[in-house]
Amino acid sequence: AGGSKDLVDFLIFHTGLPPHVLPDRATLPTNVKLIDLQSTTKLAELLLRVTDRRTEESLKMDRSKLTNMIAKTIEHHPYVLVEYKPATGHIFAEYLAEYSHWGYSDLDIVWGDLPRWVSKEELTE
């Protein structure tokens, strides 16, 4: 990631992981941003905010109960998050506002030498 620091940032979202399982921020390249959502409840709130536009009055249950239900589903079945990948830009829009381009990836992908394949000019055209 460090070799691409003038070209891209890597935003890595997590939900309140304990510090001992996270890398030391001082050792990370400056373009790797660890974003702590604090809990799966916060993630569920983000998902609901963009996928469920119903008003409180039209819901059949309290929104906080629905949020907690979705948070528990994420905790017990994290693979459900793949269904939200196409909405990543919308869900995390507040974090992506300063960027002209964005994408998503899994953590097991090796990107290699991005500046060899993508130039700043391509991103600003």
Side-chain angles (χ1 to χ4, degrees):
S4 304
K5 69 177 186 261
D6 295 329
L7 185 65
V8 298
D9 287 338
F10 294 90
L11 308 181
I12 301 174
F13 295 90
H14 66 92
T15 55
L17 294 174
H20 72 275
V21 299
L22 293 170
D24 179 6
R25 289 181 190 255
T27 65
L28 292 175
T30 57
N31 62 327
V32 175
K33 321 280 187 204
L34 298 177
I35 301 170
D36 187 356
L37 297 176
Q38 304 296 322
S39 67
T40 51
T41 302
K42 172 63 175 170
L43 177 57
E45 288 171 359
L46 286 172
L47 296 175
L48 276 175
R49 184 186 70 196
V50 299
T51 59
D52 190 353
R53 301 278 184 189
R54 292 178 286 181
T55 62
E56 291 292 328
E57 299 80 38
S58 67
L59 286 173
K60 303 266 189 251
M61 68 172 67
D62 180 62
R63 186 169 299 275
S64 65
K65 185 174 180 179
L66 179 59
T67 301
N68 289 333
M69 189 183 314
I70 291 174
K72 292 291 181 205
T73 300
I74 293 167
E75 289 170 10
H76 295 290
H77 308 284
Y79 197 75
V80 301
L81 291 173
V82 300
E83 301 296 333
Y84 289 96
K85 279 187 177 182
T88 299
H90 194 55
I91 293 166
F92 296 107
E94 64 193 73
Y95 299 96
L96 302 173
E98 68 181 89
Y99 300 100
S100 62
H101 295 71
W102 65 270
Y104 58 83
S105 176
D106 292 325
L107 290 175
D108 60 352
I109 300 297
V110 177
W111 285 94
D113 187 5
L114 286 176
R116 181 174 176 189
W117 304 104
V118 179
S119 69
K120 276 190 166 192
E121 292 76 32
E122 288 178 289
L123 297 176
T124 57
E125 291 177 354

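We use all heavy atoms of the structure for the numbers below, so side chains are in, but hydrogens, waters and symmetry mates are not. Keep in mind that what you see is a predicted model, and the values were worked out from it rather than measured.
By the 4.5 Å heavy-atom criterion applied to side chains, Glu45 and Thr41 are counted as neighbours.
With sequence neighbours left out, the side-chain contact (heavy atoms from CB on, under 4.5 Å) criterion links Lys5 to Thr30, Asn31. With sequence neighbours excluded, the residues forming a side-chain hydrogen bond (donor to acceptor under 3.5 Å, both in side chains) with Glu94 are Arg49, listed by chain and number. For Thr40, the side-chain hydrogen bond (donor to acceptor under 3.5 Å, both in side chains) partners at least two apart in sequence or on another chain are Glu75.
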For residues 7-24, please give each side-chain donor-acceptor pair under 3.5 Å, one per line with the distance, not counting sequence neighbours.
{"from": "Asp9", "atom 1": "OD2", "to": "Tyr99", "atom 2": "OH", "distance (Å)": "2.7"}
{"from": "His14", "atom 1": "ND1", "to": "Leu17", "atom 2": "N", "distance (Å)": "3.4"}
{"from": "Asp24", "atom 1": "OD1", "to": "Ala26", "atom 2": "N", "distance (Å)": "3.2"}

Kindly list each side-chain donor-acceptor pair under 3.5 angstrom involving residues 77-88, sequence neighbours excluded, with atom names and distances?
{"from": "Lys85", "atom 1": "NZ", "to": "Asp106", "atom 2": "OD1", "distance (Å)": "3.0"}
{"from": "Thr88", "atom 1": "OG1", "to": "Lys85", "atom 2": "O", "distance (Å)": "2.7"}

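Separating the CG atom in Leu43 from the CD1 atom in Ile91 is a distance of 7.5 Å, to the nearest 0.5 Å. The line from CG of Asn68 to CZ of Arg63 is 12.5 Å long, rounded to the nearest 0.5 Å. The NZ atom of Lys120 lies 9.0 Å from the CG atom of Leu123; values are rounded to the nearest 0.5 Å. Ile70 CD1 to Leu48 CG: the interatomic distance, rounded to the nearest 0.5 Å, is 3.5 Å.
Across Gly112 and Ser4, no two heavy atoms sit closer than the pair O-OG, 4.4 Å. Across every non-hydrogen atom of Ala1 and Val32, the tightest pair is CB-CG2, 3.6 Å.
Counting non-hydrogen atoms of neighbouring residues, nucleotides and ligands closer than 6.0 angstrom, the CH2 atom of Trp102 exceeds 12 such neighbours.
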